[in-house]
2 protein chains.
Amino acid sequence: MKRATLKTISDESGFSITTVSRALAGYDDVNEQTRQRIIEIAQRLGYQPNLTARHLRSKHTNTIGMVIPLTAHYSDLFFMELLSGVGQQAAQHGYDLLLSAQVPGEEELSAYRRMVDGSRVDGMVLARVRRHDARIDYLKGTAQPYVVFGHSGDDDYPYIDVDGEKGIRQMVHHFADYGHRRIALIAPPDELAFAAPRVAGYWAALEELGLPRDPALVVTGDLSMDSGAAAAERLLSLPDPPTAIMACNDQMALGAMAAITTRGLRVGRDVAVSGFDDIPAAASASPPLTTIRQPIYQIGQRLAQTLIRLIHGETVDNLHVLLEPELVIRASSGEPRSG
Amino acid sequence: MKRATLKTISDESGFSITTVSRALAGYDDVNEQTRQRIIEIAQRLGYQPNLTARHLRSKHTNTIGMVIPLTAHYSDLFFMELLSGVGQQAAQHGYDLLLSAQVPGEEELSAYRRMVDGSRVDGMVLARVRRHDARIDYLKGTAQPYVVFGHSGDDDYPYIDVDGEKGIRQMVHHFADYGHRRIALIAPPDELAFAAPRVAGYWAALEELGLPRDPALVVTGDLSMDSGAAAAERLLSLPDPPTAIMACNDQMALGAMAAITTRGLRVGRDVAVSGFDDIPAAASASPPLTTIRQPIYQIGQRLAQTLIRLIHGETVDNLHVLLEPELVIRASSGEPRSG
DNA sequence: TTGTAGGCGTTATCAT
DNA sequence: ATGATAACGCCTACAA
């Protein structure tokens with residue numbers, strides 16, 4: 001049995017396609033009897049409008065697009081959480097999500113082009129911004145609304161972000177308060193937009209505290225647990241190893257903790273550790289991980305809300321939202337050190 | 001500047017829309033010079049085919065649909081992991097994912113109808129099957145291909161599942177080997193399809209072992225950590241409390257562990273605990289959680305592969321895949337008990 | 001090798 | 001109150 005269309009109902013009811021369309025759409029210039037009859041037939045036939053056709057005609061799709069890195073699974077929980085937040089608010093407003101998993105690079109960009117220029121979505125949500133991000137350059141040359149999680153400093157586009165510079169600065173102070181003087185940083189890959197402010201926050205804090213500036217104490221990871229472990233290895237092998245290690249995300253912090261333990265040292269006592277994000281694994285790690293909280297789910301919700309306002313052409317009060325970081329102190333940062 | 005269409009290029013080049021279309025589509029009945037010229041113009045104009053129009057015309061969308069429970073975020077990691085697996089393989093084959101977040105119920109079903117009858121997707125992936133699942137009934141009455149994670153026993157549809165009955169049975173035996181005789185089960189909500197086999201496996205194992213059948217040792221949870229904690233509370237308050245608690249997913253097991261600890265008991269020594277799924281938190285819990293592994297990501301990949309074969313009308317060797325459960329024994333199940 | 005014409009299913013405009 | 005007609009952008013017989 002073929003799918004019912006307006007034409008099917010038109011044939012069945014004897015009314016024109018136009019009238020059927022209008023009756024179903026709730027226009028008030030349709031005889032009430034006619035409408036009832038048409039609705040009845042539509043239901044009997046299980047009519048469901050062909051959304052593809054509707055979208056072609058009406059120029060909008062009630063769909064939000066998102067391209068996610070192909071690596072994202074448990075190893076990159078962050079993205080899934082963001083997705084949930086966006087999806088929740090999208091659904092709330094009657095929007096669906098169109099997802100494309102891509103490895104960052106050429107193909108990724110063409111996924112954006114397919115979605116946007118291909119008219120498949122009404123707007124895009126971006127995350128994991130890179131320093132000079134081709135995707136943003138592309139979107140800027142487009143009429144398409146978009147919102148971004150993260151920002152690169154001087155560039156101008158609608159974003160929401162947690163103040164990473166401030167967060168890291170506060171964390172350095174936290175460790176300094178506990179008596180640490182050799183504080184290391186496991187930095188994010190250079191090309192990610194949030195790398196710069198976080199590293200800047202680190203140096204700024206050392207400056208404020210009058211601590212020496214030692215480049216050997218900054219090691220770059222790739223956000224994975226493994227890279228965090230490797231970085232910690234390297235740091236602990238230094239002639240004058242750090243007593244505190246700050247990682248720029250929780251995954252790497254967890255990796256560092258594992259490496260420390262493997263080395264026979266105790267996290268929180270011999271070496272203090274902190275992360276960034278506050279993923280669920282952070283709280284349940286042992287010892288529980290001190291970190292800087294990013295309310296990712298809520299940020300996702302807010303991104304969706306903002307985007308939908310933008311799509312509807314409504315005004316948005318603040319297109320550059322910078323959230324206060326929130327330090328979550330747990331056992332991995334240890335106790336204040338004597339002496 | 002308006003978006004370029006075939007017509008734009010047609011006007012610009014002087015060739016008809018047809019020729020432009022065929023040139024771009026790579027037909028070989030186009031003069032090579034003509035093609036070059038057309039391609040050049042298309043690139044200059046940044047032409048991107050309107051996929052909505054193409055879909056309307058061609059009757060397929062290269063898109064896989066999935067409806068996810070609105071609650072899914074960190075609290076329901078399972079779904080995100082499945083999603084990643086599906087998305088990975090989908091991308092591999094040039095498919096995108098259309099997601100709709102919905103609370104189970106009426107609205108949820110109409111999300112399926114929008115996707116399927118609305119011609120927005122070529123196939124659907126289902127998970128969290130319920131006992132008499134209206135979604136499956138609906139899809140059966142449709143020409144749309146679909147695949148399911150989980151199965152309800154007697155019902156017939158394409159699925160992949162882990163043998164939960166066997167898994168639970170083996171776990172009961174594991175605890176019995178360790179010397180436990182009071183083994184409790186925290187069961188999933190009755191309406192979920194995977195509840196029945198797991199509970200059946202529990203009773204079957206007791207039978208095999210000649211252990212007494214005590215209904216008080218089976219408590220139903222709702223898959224959340226909190227419900228796991230509540231269930232454990234109840235079990236430990238029994239006059240003759242269990243010495244081992246098996247939860248039907250890891251979240252509930254973690255909740256149970258928390259409750260046990262709160263009560264001043266030691267997990268693995270006073271009370272053994274096991275879960276189901278092997279989410280990442282299981283390995284990093286303290287003590288690490290004994291559980292039954294479901295390779296969710298891989299299952300997601302396989303679901304996508306199967307679905308895409310179905311969509312392409314290719315043959316699929318096995319539409320009912322039942323995977324062997326894999327017990328992962330960790331510290332939460334303790335040591336063999338003396339006496 | 002190229003062009004004409006029709007249609008996918010919907011909505012909007014304009015008559016009647 | 002209802003209907004004929006066109007258009008969204010694309011693809012594909014069929015003609016020339």
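These numbers come from a predicted model, not from an experiment. Numbers restart at 1 for each chain; the letters A, B, ... are given by sequence-line order, proteins then strands.
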Which part of the nucleic acid does [X] contact within heavy-atom distance under 4.0 Å: base, sugar-phosphate only, or nothing?
X	result
B/Gly118	nothing
B/Leu6	sugar-phosphate
B/Thr34	sugar-phosphate

Problem set entry | Boundaries of the DNA chain C segment in contact with chain A, non-hydrogen, under 4.0 Å |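 Nucleotide range in contact with chain A: C/dG9 to C/dT13.
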
Nearest whole Å is fine: how far is [N] [atom2] from [X] [atom1]?
X	N	atom1	atom2	answer
A/Asn31	D/dT2	CG	P	5 Å
A/Asp117	D/dC10	CG	C1'	16 Å
B/Leu24	D/dG9	CG	C1'	13 Å
A/His55	D/dC10	NE2	C1'	17 Å
B/His60	D/dC11	NE2	P	10 Å

For this session: Would you please indicate yes or no on a ring centroid separation below 6.0 angstrom for B/Phe78 and B/Phe149?
Result: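 Ring-ring flag for B/Phe149/B/Phe78: true, centres closer than 6.0 Å.
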
For this session: Can you check whether any acceptor in the base of D/dA4 is under 3.5 Å from a donor in the side chain of A/Ser16, or vice versa?
Result: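 Check fails, no donor-acceptor contact within cut-off.
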
Exercise. What is the ring orientation for B/Tyr157 with B/Tyr146, classed by angle as parallel under 30°, tilted 30 to 60°, or perpendicular over 60°?
Worked result: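 Ring orientation, 0 to 90° scale: tilted.
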
Problem set entry | Sidechain-backbone polar pair: B/Asp96 side chain, A/Ser100 backbone, donor-acceptor under 3.5 Å |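 Looks like no, no N/O pair under 3.5 Å.
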
Exercise. With distance as the sole test, does A/Thr142 use its side chain to make a donor-acceptor pair with the main-chain N or O of A/Tyr138 at under 3.5 Å?
Worked result: yes

Side-chain N or O of [X] closer than 4.0 Å to phosphate OP1/OP2 of [N]:
X	N	result
B/Ser58	D/dC11	no
B/Tyr27	D/dT12	yes
A/Arg22	D/dA1	no
B/Lys7	D/dC10	no

Problem set entry | Check ion pair B/Arg130-B/Glu108 (N to O, under 4.0 angstrom) |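 Here B/Arg130 pairs with B/Glu108 in a salt bridge, since their nearest N and O are under 4.0 Å apart.
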
For this session: Salt-bridge test for B/Arg131 and B/Asp155: reply yes if a basic N is under 4.0 Å from a carboxylate O, no otherwise.
Result: no

Problem set entry | Within 6.0 Å of NZ in B/Lys7, more than 12 heavy atoms from elsewhere |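 Check fails, neighbour count at 12 or below.
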
For this session: Between A/Leu51 and B/Asp29, name the one whose nearest nucleotide on DNA chain C is closer to the 5' end.
Result: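 Of the two residues, B/Asp29 wins.
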
